[in-house]
A.B. asks: 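First the structure, then my questions, so here it is.
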Amino acid sequence: MKIITRISTYWKIQLIAWISASLYWGISAFFYGNFIWKMGIADLILDVCIGIALTNTYRNFALKKGWDKLNLKMLVPRIIISVLVLSLLYMFLIVGKLYLVRLFFLKSDTISFLAFFKSIQLQVFIAGTRLMSIWVLAFHLYYYSRLEIETVKENSRLSIVMKDAQFNNLNAQLNPHFLFNSLNNIKFLVLENPHLARRAIDLLSELLRNSLNSNVARLIPLNDEINLVNDYLELEKMRFEERLQMKIEANVDLSQHLVLPLSIQTLIENAIKHGIEKRKNGGSITLKIEEENGFIKISVQNSGKLSKEIKNSGIGLNNLRERLLLQYKGKASFEIIEMLDETVLATILLPLK
């Protein structure tokens with residue numbers, strides 16, 4: 001079986017970086033004069049080995065001590081000390097390497113190690129400090145950026161989990177609320193008009209199919225929501241008869257825009273329950289959908305008055321506010337106000353994009 005060994009990205013970078021640095025010094029020596037190929041190749045190989053040995057030792061040490069997870073305040077002093085230590089080690093190893101290589105290839109060179117060390121120590125130390133600073137900073141920047149990415153991913157995951165939990169909670173509130181009101185309507189029809197009650201049951205089954213199986217976190221086409229509203233209004237018309245007048249105006253292509261399920265239906269339901277139902281002579285409901293200043297404007301105007309309790313603590317309306325906030329992240333708005341002519345106006349503004 002053929003075994004294919006794969007070099008990790010880390011080792012590829014290590015080899016490329018240190019070979020490049022050693023080649024730079026070799027090329028400089030070549031143009032400087034008196035270049036010996038065998039000695040140049042030996043210098044290159046040993047330079048790469050020393051560089052990789054020092055930096056890889058630091059990498060293992062830093063990861064073992066957990067420095068890749070430290071904040072900048074705690075990390076900076078450690079980096080400074082580490083660069084200094086690595087530079088000193090680099091200086092001694094490189095000077096020793098240079099001396100031994102030249103002693104091996106230039107046997108007539110009788111200069112002492114101490115004299116050789118003093119002649120180039122500062123130059124090698126500065127070069128080592130520069131190289132080690134670059135490597136250590138690049139190493140910690142990589143792990144710092146990776147930590148930031150992981151933190152962002154974790155925060156995003158938690159945000160999604162929280163959002164799903166909130167939507168599930170809202171769904172648990174909304175569907176029973178909707179079902180209760182629909183069954184309450186049929187109760188009146190069973191007593192007053194059994195024939196219409198059968199039609200009402202058919203409508204309710206259609207309403208339940210569209211609402212109970214829907215996910216309140218999912219956006220649906222506006223025309224699907226309008227169909228739901230039409231079924232609900234037909235059901236209510238059976239109960240209120242002439243006491244309920246309805247009008248729907250849409251100046252946009254309903255199939256091209258999306259809306260939260262049960263959002264308009266919630267406004268219609270609220271208009272009937274707290275407006276039409278409380279008036280002896282009933283009243284009218286007007287639903288208007290139009291584009292306005294980069295928003296889809298959905299307004300429901302109904303006869304009636306607006307109490308503070310309904311405005312601030314109604315289950316359906318509070319549910320709608322929270323769903324809009326979660327779905328559109330503050331870019332959508334909802335408002336309900338009482339007009340001067342004993343009418344209530346509820347308005348939803350949804351961003352077009």
A.B. asks: Under 6.0 Å from the ring centre and within 45 degrees of the ring axis: does the NZ or CZ of Arg59 meet both conditions for the six-membered ring of Tyr143?
C.D. replies: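 Not satisfied by the 6.0 Å and 45° rule.
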
A.B. asks: Got a donor-acceptor contact below 3.5 angstrom from the Glu225 side chain to the Gln265 backbone?
C.D. replies: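 Present.
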
A.B. asks: Please determine whether the number of non-hydrogen atoms from other residues, nucleotides or ligands lying under 6.0 Å from atom CZ of Phe113 exceeds 12.
C.D. replies: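 Above 12, so yes.
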
A.B. asks: Would you kindly confirm whether Phe116 and Leu103 end up in one hydrophobic cluster when ILVMFWY residues are joined by side chain heavy atoms under 4.5 Å apart?
C.D. replies: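 Same hydrophobic cluster.
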
A.B. asks: Looking at Arg146 and Glu148, is there a salt bridge between them, counting it only when a charged N and a carboxylate O are closer than 4.0 Å?
C.D. replies: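 Salt bridge between Glu148 and Arg146, a charged N being under 4.0 Å from a carboxylate O: no.
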
A.B. asks: Looking only at the side chains, is there a donor atom on one of Thr55 and Gln14 sitting less than 3.5 Å from an acceptor on the other?
C.D. replies: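 Thr55 vs Gln14: donor-acceptor pair found between side chains.
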
A.B. asks: Do Asp68 and Tyr144 have side-chain N/O donor and acceptor atoms under 3.5 Å apart?
C.D. replies: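 There is no such pair (donor and acceptor under 3.5 Å, judged by atom type) between the side chains of Asp68 and Tyr144.
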
A.B. asks: Is the distance between the ring centroids of Phe125 and Tyr90 under 6.0 Å?
C.D. replies: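 Centroid separation for Tyr90 and Phe125: 6.0 Å or greater.
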
A.B. asks: Would you say CG of Asn293 has more than 12 non-hydrogen atoms from neighbouring residues, nucleotides or ligands within 6.0 angstrom?
C.D. replies: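 Count not over threshold, so no.
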
A.B. asks: For Leu260 and Ser263, work out which heavy atoms get closest and say how close.
C.D. replies: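 Shortest heavy-atom contact: O-OG, 2.7 Å.
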
A.B. asks: So which of Phe295, Phe334, Tyr328 actually passes side-chain contact (heavy atoms from CB on, under 4.5 Å) with Leu350?
C.D. replies: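 Exactly one candidate clears the test, Tyr328.
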
A.B. asks: Using the benzene-type ring in the case of Trp, are the ring centres of Trp67 and Phe61 under 6.0 Å apart?
C.D. replies: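 Trp67 vs Phe61: aromatic centres under 6.0 Å.
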
A.B. asks: Evaluate the salt bridge (Lys or Arg N to Asp or Glu O under 4.0 Å) criterion for residues Asp43 and Arg102: first the C-alpha distance (whole Å), next the side-chain angles of each, then the deciding distance (0.1 Å), finally the verdict.
C.D. replies: CA-CA 10 Å; Asp43 278 333; Arg102 276 144 188 79; 3.5 Å; yes

A.B. asks: Answer with yes or no whether the hydrophobic clustering places Leu54 together with Val85; edges join I, L, V, M, F, W, Y residues whose side-chain heavy atoms lie under 4.5 Å apart.
C.D. replies: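 Yes, because Leu54 and Val85 connect within a single hydrophobic cluster, where side-chain heavy atoms sit under 4.5 Å apart.
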
A.B. asks: Can you confirm whether Lys237 is buried at NZ, in the sense that more than 12 heavy atoms of other residues, nucleotides or ligands lie under 6.0 Å from that atom?
C.D. replies: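 For Lys237, atom NZ is crowded (more than 12 foreign heavy atoms under 6.0 Å).
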
A.B. asks: Would you say the side-chain atoms of Gln245 pair up with the backbone N or O of Gly283, donor to acceptor, closer than 3.5 Å?
C.D. replies: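 Between the backbone of Gly283 and the side chain of Gln245 there is no qualifying donor-acceptor contact (under 3.5 Å).
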
A.B. asks: Applying the 4.5 Å side-chain criterion to the ILVMFWY set and letting contacts propagate, would Ile81 and Leu84 be lumped into a single cluster?
C.D. replies: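 Yes, Ile81 connects to Leu84 through the hydrophobic network.
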
